[in-house]
Asker: 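Structure provided below as structure tokens; questions to follow.
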Amino acid sequence: MGRAAKITRRTLLVGSAAIAGGVIFGYWKYKQPYNNPLLANLKDGEASLTPYVRIDQQGITIITPRAEMGQGVHTTLAALVAEELDVDLAAINVEHGPASSAYFNSALLEEGVPFKPTDHGRMAEGVREFMRVPAKFLGLQLTGGSTSVPDGFVKMRTAGAAARQTLLMAAATKLNVEVASLRTHDGAVISADGSVLPYTELASVAADIEPPAEPELKPRSEWRLLGKSLPRVDVVAKSTGTAEYAIDVELPGMVYATIRRNPRLGGSMNGYDASAAEKMTGVKKIVEFTDGVAVVATNTWYAIKAADAIEFDWGKVEYPSSTAEIYAQFEACFDDKYEDSQARDDGDIEAALIEADVLDVEYRAPFLAHATMEPMNAVALLQDGRLDIWAGNQFPTQVKIDGETLTGIEQDNIHVHTTYMGGGFGRRAEIDFVRQAIEIAQQMPGTPVKLTWTREEDMTHDVYRPAAIARFRGAVADGKPSAFDLRLATLSVVESQMGRYDLPVGGPDLSIVQSAWEQPYAIPNYRVTGYRVPAMLPVGFWRSVGASQNGFFHESMIDELAYAAEADPLEMRLAIVSHEPSRKVIEAVADLSSWGAPLPAGHGRGVAFVYSFGVPVAEVIEVASSDAGIRIVKVWVAADVGTALDPRNIEAQLQSGVNFGLAAAMQGEITLEDGKVQQTNFHNYDSIRMNQAPPIEVRVLENGAKIRGVGEPGTPPAAAALANAIFAATGERIRELPLNKHVRFA
């Protein structure tokens with residue numbers, strides 16, 4: 001594990017404290033830890049820790065402080081602790097951690113530095129390590145960016161190892177023997193004479209023992225859980241319908257609310273007439289909040305029907321009000337004054353293009369919605385100076401901050417209950433719906449309020465994946481690209497989202513050029529420039545962020561250069577890739593798909609490679625063209641995650657990412673007219689259906705220098721691989737998404 005795993009007493013505090021006859025074990029990397037969120041009522045002199053393991057008379061509970069939204073993170077994070085603690089997954093309870101800065105995510109900032117992810121030099125690694133300091137002080141408990149596993153890989157294993165060693169010392173004290181004579185197995189300490197002491201019986205003794213400063217972690221050769229496909233800890237609950245999502249929460253005396261806001265995003269409410277709604281069945285109250293109106297009723301259906309009866313006078317917006325006008329604004333931003341970054345400028349682009357046969361093209365990608373299956377919802381209860389919130393969310397510490405801002409209640413008295421969530425994809429890193437629930441609850445103290453958005457409200461008040469325009473000039477020589485000049489214009493996701501949180505934003509937004517400037521291709525003249533379009537409608541993090549559109553742009557352009565050079569698209573990529581794990585990924589997908597084998601008439605194959613979130617991913621898609629339209633025959637995927645902790649879950653995440661990317665590429669588009677989003681439900685913002693979803697074959701590699709997460713990286717190559725396959729099958733080069741604007745899908 002190198003430097004990250006060598007934890008000294010000066011930089012680590014691991015301790016234990018008695019709680020209900022048990023013990024809590026925790027991990028912290030700095031001298032001054034945050035208060036332990038599980039031990040709010042500690043007496044003077046008791047330890048203040050960052051907990052991941054709780055052992056009491058009821059059993060062993062592992063705290064997994066990242067949001068579970070279907071990606072299987074609770075299983076993987078729990079396995080990190082269970083491996084070192086020497087317990088079986090079936091023998092533990094798993095809980096989402098409370099909202100606390102103690103669970104801050106340092107990996108988010110470590111990889112947000114202006115160095116290529118393939119750069120592991122001293123300077124790059126030093127800056128990444130330094131970023132742990134501001135990460136600690138920001139204290140963001142945030143799930144996203146495929147960072148949960150990289151962030152927890154050492155700290156959660158360390159928590160398990162420290163807990164195990166402390167329990168061994170407790171058993172040695174109880175039996176009056178040497179620690180070396182003891183071993184652990186399946187949640188118990190076993191003595192030389194075969195005596196078995198369950199951890200639950202040792203917890204109270206362990207509470208008085210100082211854990212080791214440098215717990216030894218198991219070598220990979222001794223892993224029993226990690227590296228193997230594991231049963232999901234939530235599979236029974238989700239299969240039986242007993243898993244609790246926020247939309248399932250029911251409390252005594254609960255009332256139900258829904259909202260209406262200006263359909264022109266960011267526009268004002270000039271006035272409204274709710275006289276008809278107030279008289280409707282079940283309506284209890286009409287409530288104004290910051291930017292709209294809520295109807296509170298005895299059930300959600302009554303609230304929705306009454307909200308439909310309210311007449312509103314909505315204000316206009318200042319930004320362009322139609323899709324055509326928005327794209328015109330984007331076009332105007334290809335100008336020096338809007339330049340946000342030029343993260344890559346190798347060689348001399350202008351000189352290389354002077355005498356070359358230049359390919360000069362433009363690509364476009366639309367706004368996209370998150371369209372989670374569970375619409376935005378939250379429950380809030382304000383009572384006796386305490387605020388409780390039940391919500392599926394990716395950012396619980398921000399929920400507490402906003403709760404304090406809205407109510408004036410100190411954060412110690414704000415309790416966030418993070419539930420399972422029916423999809424997130426970045427949308428639940430926003431907490432607008434939670435703020436609304438709190439504002440409604442403020443006007444009904446002592447009464448629990450469940451706020452549920454309609455599907456229409458959810459679709460038309462998203463924080464969208466931004467639209468983008470890419471302009472490209474390129475040239476080839478000797479069968480390979482000789483010049484690659486890419487200019488990208490889009491809105492800044494970081495500026496938009498961090499502005500809503502009142503968090504500092506400085507410097508360029510590299511998400512504008514994400515997965516364009518840092519691709520490991522050795523092209524002698526290579527320039528990537530990002531242009532920041534002035535803020536307009538709200539945009540946010542969407543699965544794979546800037547890589548989602550830039551993967552399509554970049555890999556479609558690489559494909560165009562391959563055909564211009566009369567080179568095989570996959571072989572040309574191999575000829576220019578400069579990163580060995582990436583090369584092996586491309587070779588793996590070639591082998592997996594039998595690239596180059598003869599295809600039936602009307603079939604075509606496309607390849608795309610995208611390095612995103614530190615993970616090289618290559619995908620090959622085969623399509624068949626007929627009178628019925630384009631049909632996706634099969635998809636092959638190869639990815640390198642550095643260390644594969646749960647191969648089956650990694651495979652599932654890559655398959656999920658592919659289908660997510662294909663759905664958007666085929667038919668995803670948000671358009672505006674008169675400032676209003678026109679797509680309102682799944683009838684006009686459809687997803688890929690079962691009969692269109694192709695078989696997906698996956699190969700997982702482990703050649704990378706670091707362990708990586710995989711929730712995001714499967715999405716970016718999908719659109720380009722599909723577009724390249726359509727070109728191979730039909731000869732039509734499509735430079736605009738969604739693809740169904742140009743071809744029909746069977």
Side-chain angles (χ1 to χ4, degrees), residues 1-17 22-30 33 36 38 47 49-55 59-65 75-89 91-92 94 97 102-103 106 148-173 178-190 197-200 202-203 205-228 230 643 645-646 707:
M1 305 320 310
R3 185 174 183 180
K6 185 172 178 58
I7 303 165
T8 68
R9 187 60 180 168
R10 290 190 303 275
T11 58
L12 171 68
L13 288 181
V14 180
S16 58
V23 63
I24 286 180
F25 297 94
Y27 162 96
W28 190 248
K29 192 152 190 198
Y30 298 100
N36 184 337
L38 297 184
L49 312 166
T50 305
Y52 294 96
V53 181
R54 184 176 71 234
I55 302 175
I60 302 169
T61 299
I62 294 178
I63 305 300
T64 53
T75 301
T76 304
L77 294 182
L80 290 170
V81 178
E83 180 69 74
E84 298 292 341
L85 188 57
D86 205 3
V87 295
D88 191 80
L89 279 179
I92 62 171
V94 178
Y103 296 118
S106 63
S148 295
V149 168
D151 181 69
F153 183 58
V154 171
K155 67 173 69 169
M156 298 195 74
R157 289 164 62 219
T158 300
R164 175 180 173 272
Q165 191 62 32
T166 306
L167 290 160
L168 282 167
M169 290 188 286
T173 299
E178 295 294 326
V179 171
S181 69
L182 304 174
R183 62 186 178 91
T184 58
H185 181 69
D186 284 347
V189 175
I190 302 173
L197 296 175
Y199 289 168
T200 52
L202 294 168
V205 179
D208 296 325
I209 298 173
E210 183 178 357
E214 298 184 44
E216 183 178 350
L217 303 183
K218 289 182 182 180
R220 183 168 182 171
S221 60
E222 295 180 13
W223 286 356
R224 297 188 307 118
L225 301 174
L226 302 177
K228 299 178 175 61
L230 301 171
T643 302
L645 296 179
D646 187 340
I707 188 169

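We're numbering straight along the sequence, starting at 1.
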Asker: Before you tell me yes or no, could you show the steps for Ile55 and Leu202 under side-chain contact (heavy atoms from CB on, under 4.5 Å), namely the whole-Å CA-CA distance, both residues' side-chain angles and the distance that decides it to 0.1 Å?
Answerer: CA-CA 9 Å; Ile55 302 175; Leu202 294 168; over 6 Å; no
Asker: Kindly compute the distance separating CG (Leu168) from CD (Glu178), expressed to the nearest 0.5 Å.
Answerer: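 Atom-to-atom, Leu168:CG and Glu178:CD are 12.5 Å apart.
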Asker: The criterion is side-chain hydrogen bond (donor to acceptor under 3.5 Å, both in side chains); which residues satisfy it with Ser148, sequence neighbours excluded?
Answerer: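 Not a single residue meets the side-chain hydrogen bond (donor to acceptor under 3.5 Å, both in side chains) criterion with Ser148.
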Asker: With the side chain counted from C-beta on, respond yes when Ile707 and Leu645 share a heavy-atom pair under 4.5 Å apart, and no when they do not.
Answerer: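 They are in contact (side-chain heavy atoms under 4.5 Å apart), so the answer is yes.
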Asker: Not counting sequence neighbours, which residues clear side-chain hydrogen bond (donor to acceptor under 3.5 Å, both in side chains) with Ser106? List them please.
Answerer: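 Listed in chain order: Glu110, Asp151.
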Asker: Supply the atom-to-atom distance Glu84 CD to Thr158 OG1, rounded to the nearest 0.5 angstrom.
Answerer: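 Taking CD in Glu84 and OG1 in Thr158, the distance rounds to 7.5 Å.
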Asker: For Ala172 and Leu182, which heavy atoms make the closest approach, and how far apart are they?
Answerer: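 In terms of heavy atoms, the two residues are closest at N-CD1, 3.5 Å.
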Asker: Please find the pair of heavy atoms, one from Pro65 and one from Met156, that lie closest to each other, and give the distance.
Answerer: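 Looking at all heavy atoms of both residues, the closest pair is CD-CE, 4.2 Å.
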Asker: In this structure, which one of Leu89, Leu225, Thr64, Val94 forms a side chain to side chain contact (heavy atoms under 4.5 Å, CB included) with Thr75?
Answerer: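 That would be Leu89.
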Asker: Kindly compute the distance separating CD (Gln165) from OG1 (Thr184), expressed to the nearest 0.5 Å.
Answerer: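 Between atom CD of Gln165 and atom OG1 of Thr184 there are 9.0 Å.
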Asker: Under the side-chain hydrogen bond (donor to acceptor under 3.5 Å, both in side chains) rule, collect the residues that match up with Arg183, sequence neighbours excluded.
Answerer: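 Partners of Arg183 by the side-chain hydrogen bond (donor to acceptor under 3.5 Å, both in side chains) criterion come out as none, since no residue qualifies.
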Asker: Return the minimal non-hydrogen interatomic distance between Thr200 and Gly59, and the atom names on each side.
Answerer: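 Residues Thr200 and Gly59, closest heavy atoms: CG2-CA, 3.7 Å.
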Asker: With the threshold set at 4.0 Å, does a side-chain nitrogen-carboxylate oxygen contact exist between Arg224 and Asp86?
Answerer: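 A salt bridge is present here (some side-chain N lies under 4.0 Å from a carboxylate O).
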Asker: Under the side-chain hydrogen bond (donor to acceptor under 3.5 Å, both in side chains) test, which residues partner Glu83, sequence neighbours left out?
Answerer: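 For Glu83 the side-chain hydrogen bond (donor to acceptor under 3.5 Å, both in side chains) partners, ignoring immediate neighbours, are Lys218.
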Asker: If every non-hydrogen atom of Leu77 is compared with every non-hydrogen atom of Val149, which pair is closest and at what distance?
Answerer: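 Result for this residue pair: CD2-CA, 4.4 Å.
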Asker: Quick one: list whatever passes side-chain contact (heavy atoms from CB on, under 4.5 Å) with Thr173, sequence neighbours left out.
Answerer: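 Counting only residues at least two positions away or on another chain, Thr173 forms a side-chain contact (heavy atoms from CB on, under 4.5 Å) with Ile209.
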Asker: Check side-chain contact (heavy atoms from CB on, under 4.5 Å) between Val87 and all other residues, then give those that pass, not counting sequence neighbours.
Answerer: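 For Val87 the side-chain contact (heavy atoms from CB on, under 4.5 Å) partners, ignoring immediate neighbours, are Ile60, Ala82, Leu85, Ile92, Tyr199.
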Asker: Any chance you could measure Tyr52, atom OH, to Lys155, atom NZ, to the nearest 0.5 Å?
Answerer: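 Reported value, rounded in 0.5 Å steps: 4.5 Å.
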Asker: Got a second to check how far Phe153's CZ is from Thr643's OG1, nearest 0.5 Å?
Answerer: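 One finds 5.5 Å between CZ of Phe153 and OG1 of Thr643.
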Asker: Would you check if the side chain of Asp646 reaches a backbone N or O of Thr76 as a donor-acceptor pair within less than 3.5 Å?
Answerer: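 Absent.
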Asker: Ala162 and Pro212: which non-hydrogen atoms are nearest, and at how many Å?
Answerer: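 Shortest heavy-atom separation between Ala162 and Pro212 comes out as O-CD, 4.1 Å.
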